[in-house]
Amino acid sequence: MIITFASQKGGTACSVLSTNIAVLRAIREPESKILIVDTDTQGSSYDWNLERLELGITPKIECIKLKGKHLVEEIDELEKLFTDIVVDVGGKDSEELRLALLMADNLIVPTLPSQFDLWALEFIDKIIPECRKAGNKNLTGNILFTRVSTHPLLGKAEVEEATLAIEDFEYLSPMKSVIRERNVFRKSSRSGIAVEEITPSDKKAKLELNELYKEIYGEA
């Protein structure tokens, strides 16, 4: 399965989500072969994995950088070698973003629940039908609200307002999972580990990511 985290805007946590979901998959399915494909010029997922490899952290996660017009062909070949591919697409309209959508089995579009970020989603909603015509016939997009306030009332209001704002999208729909703004995401990323692995444990962040994992892979 190819899980693609893509956004036209930066700062939405594509790299954080890509690395954390990859680690969760490796923990839950030890026999699986997992690859992160980093198409972002910043290379955050790639740098995270270099740190992980240098520290000898297990489970081992494979990660490569890919860019350019041959992205579809390269990922198609990689599918023969890996059971799970997680694609991290940078926050801008790029050739890599459009090509990655052609290969996505599950497209997840992280976004902050702010009006400026929600306006940017219109671009993704418009190019999905183009990707369908180009071959990915069943492509739809799942909006994941990220960096939501941890304040119970404020966070709930943010998600409710954002959900109403996107109800007219034709190809994008909100996920049940929500990822809140937590320091543990930055702390773990700097250390080449996932939230699932950090000590002391952040139970709330772990719960959010595990709920996201279940929603992605269809687990009860």
Side-chain angles (χ1 to χ4, degrees), residues 1 3-25 27-28 36 40 44-45 48 84 86-91 101 104-125 128 139-189 193-198 200-220:
M1 178 183 286
I3 308 296
T4 300
F5 289 96
S7 175
Q8 191 193 7
K9 292 199 68 174
T12 60
C14 281
S15 297
V16 168
L17 294 166
S18 296
T19 53
N20 274 276
I21 290 300
V23 170
L24 280 175
R25 189 62 173 169
I27 292 172
R28 296 281 188 87
I36 300 174
D40 191 352
S44 298
S45 289
W48 168 89
D84 295 89
V86 180
V87 183
D88 175 9
V89 183
L101 265 58
D105 294 317
N106 189 338
L107 170 63
I108 300 173
V109 186
T111 185
L112 278 63
S114 72
Q115 190 58 60
F116 288 118
D117 290 86
L118 296 175
W119 281 332
L121 294 176
E122 294 178 7
F123 166 77
I124 301 290
D125 193 57
I128 286 178
L139 179 65
T140 56
N142 304 290
I143 298 172
L144 175 65
F145 295 122
T146 61
R147 302 182 63 181
V148 174
S149 173
T150 56
H151 188 285
L153 295 179
L154 180 57
K156 181 180 179 182
E158 285 180 340
V159 171
E160 288 178 348
E161 290 174 9
T163 301
L164 286 174
I166 63 172
E167 63 182 1
D168 290 333
F169 287 145
E170 187 172 356
Y171 302 100
L172 293 173
S173 56
M175 301 183 75
K176 294 180 181 179
S177 303
V178 172
I179 303 297
R180 292 170 176 80
E181 180 73 76
R182 301 187 190 279
N183 291 332
V184 68
F185 292 116
R186 289 185 289 273
K187 183 178 179 182
S188 59
S189 296
I193 58 177
V195 169
E196 188 75 13
E197 302 166 310
I198 199 168
S201 175
D202 187 315
K203 294 181 180 179
K204 292 181 179 180
K206 285 176 64 174
L207 177 62
E208 290 172 7
L209 285 167
N210 275 276
E211 289 300 317
L212 174 61
Y213 177 92
K214 293 176 185 177
E215 191 168 356
I216 290 172
Y217 290 101
E219 296 185 7

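The analysis underlying the following values was restricted to heavy atoms, covering all of them including side chains, and did not include hydrogens, waters or symmetry mates. Counting from 1, the numbers follow the sequence of the chain as shown.
The heavy-atom pair separating Glu215 from Lys176 by the smallest distance is OE2-N, 2.9 Å. Taking every heavy atom of both residues into account, Asp125 and Leu172 meet most closely at OD1-N, 3.3 Å.
Inter-residue side-chain proximity for Asn106 and Ile108 is flagged as met; some heavy-atom pair is nearer than 4.5 Å. Proximity of Ile124 to Phe169: side-chain heavy atoms (C-beta onward) are nowhere separated by under 4.5 Å. The closest side-chain heavy-atom distance from Leu107 to Ile128 is below 4.5 Å. Between Phe145 and Glu158, the closest side-chain pair of non-hydrogen atoms is not below 4.5 Å. With contacts defined as side-chain heavy-atom distances shorter than 4.5 Å, the pair Arg182/Glu208 qualifies. In this structure, Gln115 and Leu118 have side chains that are in contact, with non-hydrogen atoms separated by less than 4.5 Å. The closest side-chain heavy-atom distance from Val16 to Phe5 is not below 4.5 Å. At least one side-chain heavy atom of Ser173 sits less than 4.5 Å from a side-chain heavy atom of Asn142.
For Glu181, the salt bridge (charged side-chain N to carboxylate O under 4.0 Å, His left out) partners at least two apart in sequence or on another chain are Arg147, Arg186. Applying the salt bridge (charged side-chain N to carboxylate O under 4.0 Å, His left out) rule to Glu196 yields no partners; only residues at least two apart in sequence or on another chain are considered.
Enclosure of atom CD in Glu167 by more than 12 non-hydrogen atoms of other residues, nucleotides or ligands within 6.0 angstrom is indicated.
Of the possible donor and acceptor atoms, one in the side chain of Thr146 sits under 3.5 Å from a partner among the backbone N and O of Thr12. In this structure, the side chain of Asp88 does not engage the main chain of Asp40 through any donor-acceptor pair within 3.5 Å.
Classified by interplanar angle (parallel below 30°, tilted 30° to 60°, perpendicular above 60°), the ring pair Phe116/Trp119 is perpendicular.
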